[in-house]
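Okay, so here's the structure we're looking at.
So you know, we letter chains A, B, ... as the sequences are listed, proteins then strands, and number each from 1.
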Number of protein chains: 2
Amino acid sequence: MAKGKKDLDLSTEEKIMEAARKVFTEKGYAAARTRDIAEESGINLALLNYYFRSKEKLFELVMLERVNKLFGAIIPILNEESSSLEEKIEGIAGSYIDLLTEHPDLPIFVLSEIRNRPEKFAALVNARDRVTKSVFMKQLIERKLSVSPFHILINLLGMTVFPFVGKPVLSKLIGKEAEFDELMKQRKELIPMWIKMMLN
Amino acid sequence: MAKGKKDLDLSTEEKIMEAARKVFTEKGYAAARTRDIAEESGINLALLNYYFRSKEKLFELVMLERVNKLFGAIIPILNEESSSLEEKIEGIAGSYIDLLTEHPDLPIFVLSEIRNRPEKFAALVNARDRVTKSVFMKQLIERKLSVSPFHILINLLGMTVFPFVGKPVLSKLIGKEAEFDELMKQRKELIPMWIKMMLN
DNA sequence: GTCTATATTCCGATAGAC
DNA sequence: GTCTATCGGAATATAGAC
């Protein structure tokens, strides 16, 4: 079974899903073995196929969950009708940093699996219109910036998400894990401040 | 020689390395098959082992190259003695955007392989002192910022590198490939401008 | 539903002819 | 040095007893 978590009241199916989330996210699809998942969940290898039919099908379920988790943290904020542009920026930076502090390897997992099989998973994140036609983008356009609104979106995501993508390298530069987390906590207020400077 | 080029005068060993660079970088170590590499290089599978002994050894050579390419573009600039802080910022943004426009999947490849096997590859990028004690960091500290200099470094790298890490998703939002490249070209001048704003 | 044992496929590596 | 053919192990998936 998993690390801190208990498997006390989980159904067998849930135990397998829980283990699959962990193993796939840590190692990626290709390097993950169904035996790892079976062992991690404390059940037998045959049961994995009994419940999920194949490694591929199990992975698709996990991937769908992870994509929704990663993009579900931002899309609703982008489309809020009543909040200001500044409030949205604060909301995105804050909720993303909270989410990624808890799940640091979420972005690199999702992005690298999409890169590995774009034909299969790029459609999952078919957020084209939900982003480009979002309230957030409309509000950015209203500001009559001298640059494309995409630059602002890229900067917001880059400053927020990149430190977690680069964490395996950056945390070595910075020193202790706790210091990394402290810096990220500071960024919840700093990033909105910096982005607002770019709006003038 | 890269994509457009032909393999005309390449030695067998170079043809295999060339194919290995391509296949490993595109699919990652675990998903790459030595048969893919052999086919891509137009030679036989046995020759791969004849020249490189194993998949693992071949991968180590490729990984070393890629890490040096990725970090070699920034470390020397960080340690220039004679250039100003502003010039270093322009140099890093400019040379990184040029490099990554040509090799967009370099960062996600390197970062995800380091994450997969930190015990093996984290040492490769043992740039701790070369970064934290760099001229660039000293120059940042001299500015007496109200925030940690690491924030500035993270912002510079985040705004520069993240768009390429997120390219599989971002390019779908933006539209055509050419528009993505045009935005990146603009960022060579925009990023230094934004970073300089953060120094005040 | 759950297990053990086994079938099947795939892949890295090698033997041996040329 | 280069090839064809094959070995041997590893990993996914299934059969069948309980």
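Residues B:Val131 and B:Leu153 form a side-chain contact, since some pair of their non-hydrogen atoms from C-beta on lies under 4.5 Å apart.
For B:Thr12, taking side-chain heavy atoms from C-beta onward, the closest of the listed nucleotides D:dT2, C:dG1, C:dT14 is D:dT2.
Computed from coordinates, the B:Phe59 CZ to C:dC11 P distance equals 18 Å when rounded to whole Å. At whole-Å resolution of the value, CD in B:Glu39 and P in C:dC11 are 12 Å apart. Here the P atom of nucleotide C:dA13 and the CG atom of B:Leu48 are 8 Å apart, to the nearest Å. A straight line from CD of B:Glu56 to P of C:dC11 spans 17 Å, rounded to a whole angstrom. Here the P atom of nucleotide C:dT14 and the CZ atom of B:Arg53 are 6 Å apart, to the nearest Å. For the pair B:Glu13 CD and D:dG1 P, the computed distance is 9 Å after rounding to whole Å. The distance between atom CZ of B:Arg33 and atom P of D:dA11, rounded to the nearest whole Å, is 16 Å. The distance between atom CG of B:Asn49 and atom P of D:dT2, rounded to the nearest whole Å, is 14 Å.
Within 4.0 Å of B:Ala32, counting heavy atoms only, lie sugar-phosphate atoms of the nucleic acid but no base atom. The residue A:Tyr50 sits close to a base: some heavy atom pair falls under 4.0 Å.
Salt bridge annotation for A:Lys176-A:Glu179: present, with a cationic side-chain nitrogen under 4.0 angstrom from a carboxylate oxygen. The pair B:Lys167-B:Glu177 meets the salt-bridge criterion, since a charged nitrogen lies less than 4.0 angstrom from a carboxylate oxygen.
Side chain of A:Lys27 to backbone of B:Asn116: no donor-acceptor contact under 3.5 angstrom is found. Using a distance-only test at 3.5 Å, with no hydrogens or angles considered, a donor-acceptor pair links the side chain of B:Glu113 to the main chain of B:Tyr29.
Phosphate contact (OP1/OP2 of C:dG12, side-chain N/O of B:Ser54, threshold under 4.0 Å): absent. Look at A:Thr34 and you won't find any side-chain N or O under 4.0 angstrom from OP1 or OP2 of D:dA13.
Evaluation of the ring pair (Phe, Tyr, Trp, His ring centres under 6.0 Å) rule for A:Phe121 yields A:Phe59 as partners, not counting sequence neighbours. Remark: B:Phe71 pairs with no residue by the ring pair (Phe, Tyr, Trp, His ring centres under 6.0 Å) rule, at least two apart or across chains.
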### Query
In B/S/- notation, 5' to 3', how is nucleotides 3-9 of chain D contacted by protein heavy atoms closer than 4.0 Å?
BB-----
